[in-house]
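Take a look at the structure below.
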Number of protein chains: 2
Amino acid sequence: MISAERALDALGDPTRRMVFRRLREGNRSVQEIADGLEVSRPAVSQHLRVLKDAGLAVVRIEGTRRLYAIDTRGLESLRGWLDGFWDKTLTAFKHAAEREAAKERKTR
Amino acid sequence: MISAERALDALGDPTRRMVFRRLREGNRSVQEIADGLEVSRPAVSQHLRVLKDAGLAVVRIEGTRRLYAIDTRGLESLRGWLDGFWDKTLTAFKHAAEREAAKERKTR
DNA sequence: GCTTACGGTAAGTCAAGACTAACGGTTTGT
DNA sequence: ACAAACCGTTAGTCTTGACTTACCGTAAGC
């Protein structure tokens with residue numbers, strides 16, 4: 001099971017989001033990802049590790065290169081979290097409105 | 001305009017997510033939010049500030065109390081970010097598949 | 001006016017983690 | 001076998017930011 005909390009933790013860092021965004025461009029090697037970024041290649045490696053552990057990235061070994069790509073499971077998990085949160089927020093709003101209405105009826 | 005990046009930064013902290021989740025239960029004072037959490041009231045205050053600045057929370061002053069609730073704009077911004085990301089990921093996958101197919105045709 | 005409750009802010013501490021430099025392992029090519 | 005390319009990992013540094021304590025302002029109740 002992939003945790004949305006882990007995904008949120010992983011996406012809480014700006015440079016990690018940069019790395020994550022570059023994964024959209026298809027299978028990219030670590031070197032390619034690091035080029036154009038302001039951090040070193042090992043830093044990118046570590047960010048990729050976090051993204052992978054969070055279910056946001058997958059690796060494919062090809063010779064001496066490691067091609068990273070986006071793991072859609074992490075995105076799905078995130079979407080599920082967001083949808084659930086949204087639902088509970090709305091029902092809470094509804095209940096609060098009902099409580100308000102009941103209070104109104106009482107006072108008049 | 002509300003930035004999804006700010007929202008992601010804000011939700012990158014576990015205890016801040018706890019605070020955020022408690023906001024669903026309707027209008028809650030800072031005291032009420034802090035009760036049941038393992039951190040002090042000032043810590044909660046600071047988290048609420050971050051959430052508010054990120055467009056994830058709104059305040060309503062009622063006497064000496066401040067009632068916090070969820071700002072749906074932050075959630076919408078987050079959803080937009082997620083949707084856009086998803087779209088671009090899919091189109092990238094599609095293009096990659098096309099490139100793969102073209103490569104296949106060439107080699108045979 | 002005094003007291004009490006509520007909560008934002010400042011100062012200071014401390015731990016988490018982002019980063020670099022250096023190293024080592026593995027694969028490919030000559 | 002040697003060299004080169006690629007990349008993960010470790011050790012160590014340094015910044016960020018989460019937290020507490022203490023303080024101050026404000027609003028309601030007596």
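Throughout, a chain's letter reflects where its sequence line sits, starting with A, and its residues are numbered from 1.
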Kindly confirm or rule out a cation-pi arrangement of B/Arg24 over A/Phe85, judged by NZ or CZ under 6.0 Å from the six-membered ring centre and within 45° of its axis?
yes
Quick one: are B/Leu11 and B/Leu56 in side-chain contact, heavy atoms under 4.5 Å?
yes
Charged N to carboxylate O under 4.0 angstrom, B/Lys52 versus B/Asp71?
no
Comparing A/Gln46 and A/Thr64 on DNA chain C - which has the more 5′ nearest nucleotide:
A/Gln46
Atom NZ of B/Lys52 and atom C1' of C/dT9 are separated, to the nearest Å, by 13 Å
Expected output is a numbered-order residue list: members of residues 34-43 of chain A with a heavy atom under 4.0 Å from any atom of DNA chain C. What is it?
A/Glu38, A/Val39, A/Ser40, A/Pro42, A/Ala43
Can you measure A/Glu62 atom CD to D/dC7 atom C1' for me and round it to whole angstrom units?
15 Å
A/Arg60 atom CZ is separated from D/dC7 atom P, nearest whole Å, by 13 Å
Is B/Tyr68 close enough to C/dG8 that one of its side-chain N or O atoms is under 4.0 Å from OP1 or OP2 there?
yes
Does C/dT27 have OP1 or OP2 sitting under 4.0 Å from an N or O in the side chain of A/Arg65?
no
B/Ile70 reachable from A/Trp81 in the ILVMFWY side-chain graph, under 4.5 Å edges:
yes
Ionic contact status for A/Arg22 with A/Asp35, cut-off 4.0 Å
no
Quick one: A/Asp13 CG to D/dT16 P, roughly how many Å, whole number?
12 Å
Could you tell me how far apart A/Gln31 (CD) and D/dA5 (P) are, to the nearest whole angstrom?
11 Å
Just how far, in rounded Å, is P of D/dC19 from CE of B/Met18?
11 Å
Between B/Ser45 and C/dG8, is there a contact of a side-chain N or O with OP1 or OP2 at under 4.0 Å?
yes
Can a side chain N or O of A/His47 be found less than 4.0 Å away from OP1 or OP2 on C/dG17?
no
Starting at atom CG of A/Leu51, determine the distance to atom P of D/dC7, rounded to an integer number of angstrom.
16 Å
For residues B/Leu8 and B/Leu78, report the shortest heavy-atom separation together with the two atoms involved.
N-CD1, 4.1 Å
Where A/Arg66 and A/Val59 come nearest, the two heavy atoms and their spacing:
CB-CG1, 3.8 Å
Send over the distance from A/Ile33 CD1 to D/dC7 C1', rounded to a whole Å.
12 Å
